Number of protein chains: 2
Amino acid sequence: MIDVTAKPGHAPVFVTVDLVILTVRQDVLQVLLIERGNEPYLGFPALPGGHVRDGETLDQAALRELGEETGVDGRSLHLEQLRAYSDPGRDPRGRVITVAYLALGPGLPHPTAGTDATAARWVPVADVFDGPVPLAFDHAGILRDALERARSQLEHTTVAAAFCAEPFTVGDLRHIYEVVWGMPLDPSNFRRKVTNADSFLVPTGERRHPETGRPAALYRRGAARLLLPPLLRSGDVTRPGPVVVTPH
Amino acid sequence: MIDVTAKPGHAPVFVTVDLVILTVRQDVLQVLLIERGNEPYLGFPALPGGHVRDGETLDQAALRELGEETGVDGRSLHLEQLRAYSDPGRDPRGRVITVAYLALGPGLPHPTAGTDATAARWVPVADVFDGPVPLAFDHAGILRDALERARSQLEHTTVAAAFCAEPFTVGDLRHIYEVVWGMPLDPSNFRRKVTNADSFLVPTGERRHPETGRPAALYRRGAARLLLPPLLRSGDVTRPGPVVVTPH
DNA sequence: CCGGTTTGAGTCAAGGTGACCTTTAGGGCT
DNA sequence: AGCCCTAAAGGTCACCTTGACTCAAACCGG
């Protein structure tokens, strides 16, 4: 083991994981937030997260925190590393670097406020930025990055299906895209694209009978992770570029 | 400040940055490797990198290491965070989490072996995986991820121009794509795509006269960071999907 | 049985792509 | 000069995808 006091200027730091857990509920994109029970930012909303333990990978820590804070086990949702945030002043207690994770899941139950957690709740992402109370730490920036990542992933990958509880219909899937991108899509063209894509949707043979309208075929998630050809947002959207280091 | 001895199970960790610095030299994609001068992995090739210092962001640490190990200042190349690697056993000395960065630059000079560096040199990436001596730590996996990221970025962004010293020709740019993707591209169709893309290339009005062939128009990098429409690798390539956390 | 609603299939024009060809602008050689 | 070689630059054409749109199918409620 390294002597933690040996190298001045290379002091050890604390590493945490923070989770941006997104779901679509009631036609709105929502994020799971907790209310902080300790200083700093006592009482402020924040992303769930916590310290990485000894002998644990970041992925494992993210999965553990996911279960502790929401009661959801990671098997049922999509989890992916976003990036690390390292501003020296981002935590007033000292040097804390955090690795953010993006989690996408189907309409999850109301979170069972976990062990150390104060109230955890779903909040529409629109309310987070408009709301009167800002997020703790640099979590607003993390959430912003996570949203853009999610929107971008919908174009090139099949993760949108992670938002849908199986089995689901093409309409369910389209609804995810419309809510996450914030724009209506042509139902017919959307169907053509996702059903032509290889191994994206596998039909179950069953049908779902809604209260109104023609019954819809049901599908499960296919093996494909990449969506070819990509399903691009119509060209008139202004998309932020990739995150790049700009010196000075 | 946090008392580093306070929380058992939440021990502080060391955080490093590792750099995957890619360039195209002599028609081959090359990566900058150092030879380790300390245990563990003494004498093994490794990615350049080092500890994050107090009061420094990860981006700043990456830029600093870039200069220290290669003598290149970050202003002249593209630098971007890749992801964090956190396997508890990845460093035998103890708990070291590393954040990998991807750096792309034009045919750089032979690295001026930096302060603490033992010999730093350019190595064709093909030789790294085929070669008899494996990379230190988990650097082979990091390099693999970086390569896939670079190849993918060429499709959707304008970073390929970061490989070219300004001013450059359309042929120079195409050469980058061919080397990084490892496949020939149709010169005519390639030109059509990149010249049609908005703000990708800005003509200087000058021409370059090669030893043989018609002189080519010279360009500089435009303001665009995203490449619309994307320049996709032909469909017959098998592309690895995004990195996802798969529990258990 | 009729109107409403959503699914699912089809049509068509516009634009992008891949394969291919031709012309242009040099250098080098006889 | 004239000819060949090379690479750039521009053009053609068939094919495919996309976006906008229309229309039939299948259910429900009254």
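In what follows, chains are A, B, ... by sequence order, proteins preceding strands, each numbered from 1. For the numbers below, each heavy atom of this structure counts, side chains included, while hydrogens, waters and symmetry mates do not. Given the structure is predicted, the values throughout are model-derived calculations rather than measurements.
Between the C1' atom of D/dC5 and the CD atom of B/E211 lies a distance of 13 Å, rounded to the nearest Å. Protein atom CG of B/N189 is 12 Å distant from nucleotide atom C1' of C/dC21, rounded to whole Å. We find that CZ of A/R192 is positioned 17 Å from P of C/dT7, with the value rounded to whole Å. The CZ atom of B/R208 sits 17 Å away from the C1' atom of C/dG27 (whole-angstrom rounding). Between the CZ atom of B/R207 and the P atom of C/dG27 there is a distance of 12 Å, given to the nearest Å. The nearest whole Å value for the distance from the CG atom in B/L185 to the P atom in C/dT17 is 13 Å. Put simply, CG on B/D186 is 9 Å from P on C/dC20, counting in whole angstrom units. Rounded to an integer number of Å, the gap from CZ of B/F190 to C1' of C/dG16 is 16 Å.
Between B/K193 and C/dT17 there is a side-chain polar atom (N or O) within less than 4.0 angstrom of OP1 or OP2. Within the 4.0 Å cut-off from OP1 or OP2 of C/dG8, at least one side-chain nitrogen or oxygen of A/R191 is found.
The six-membered or imidazole ring of A/F190 lies near that of A/Y177, with a centre-to-centre distance under 6.0 Å.
Applying side chain to side chain contact (heavy atoms under 4.5 Å, CB included) to B/L58 and the options B/T98, B/V17, B/L63 leaves one that passes, B/V17.
Side chains of A/D145 and A/Y85: a donor-acceptor N/O pair is present below 3.5 angstrom, by distance only. Side chain to side chain, B/Y219 and B/D172 fail the donor-acceptor criterion of an N or O pair below 3.5 Å.
Set against C/dG16, D/dT18, C/dG4, the side chain of B/P229 has C/dG16 as its closest nucleotide. For B/R214, whose side chain is taken as the heavy atoms from C-beta onward, the closest listed nucleotide among D/dC21, D/dA9, C/dT6 is D/dA9. Comparing D/dA20, D/dA8, D/dA9 by their closest approach to the side chain of B/R174 singles out D/dA8.
Side-chain to base pairing of B/T169 with D/dA8: no donor and acceptor N or O lie closer than 3.5 Å to each other.
We find that A/E148 and A/R233 are joined by a salt bridge, their nearest charged nitrogen and carboxylate oxygen being less than 4.0 Å apart.
Of the residues near DNA chain C, B/T212 and A/P187, the one whose nearest nucleotide (by heavy atom distance) lies more toward the 5' end is A/P187.
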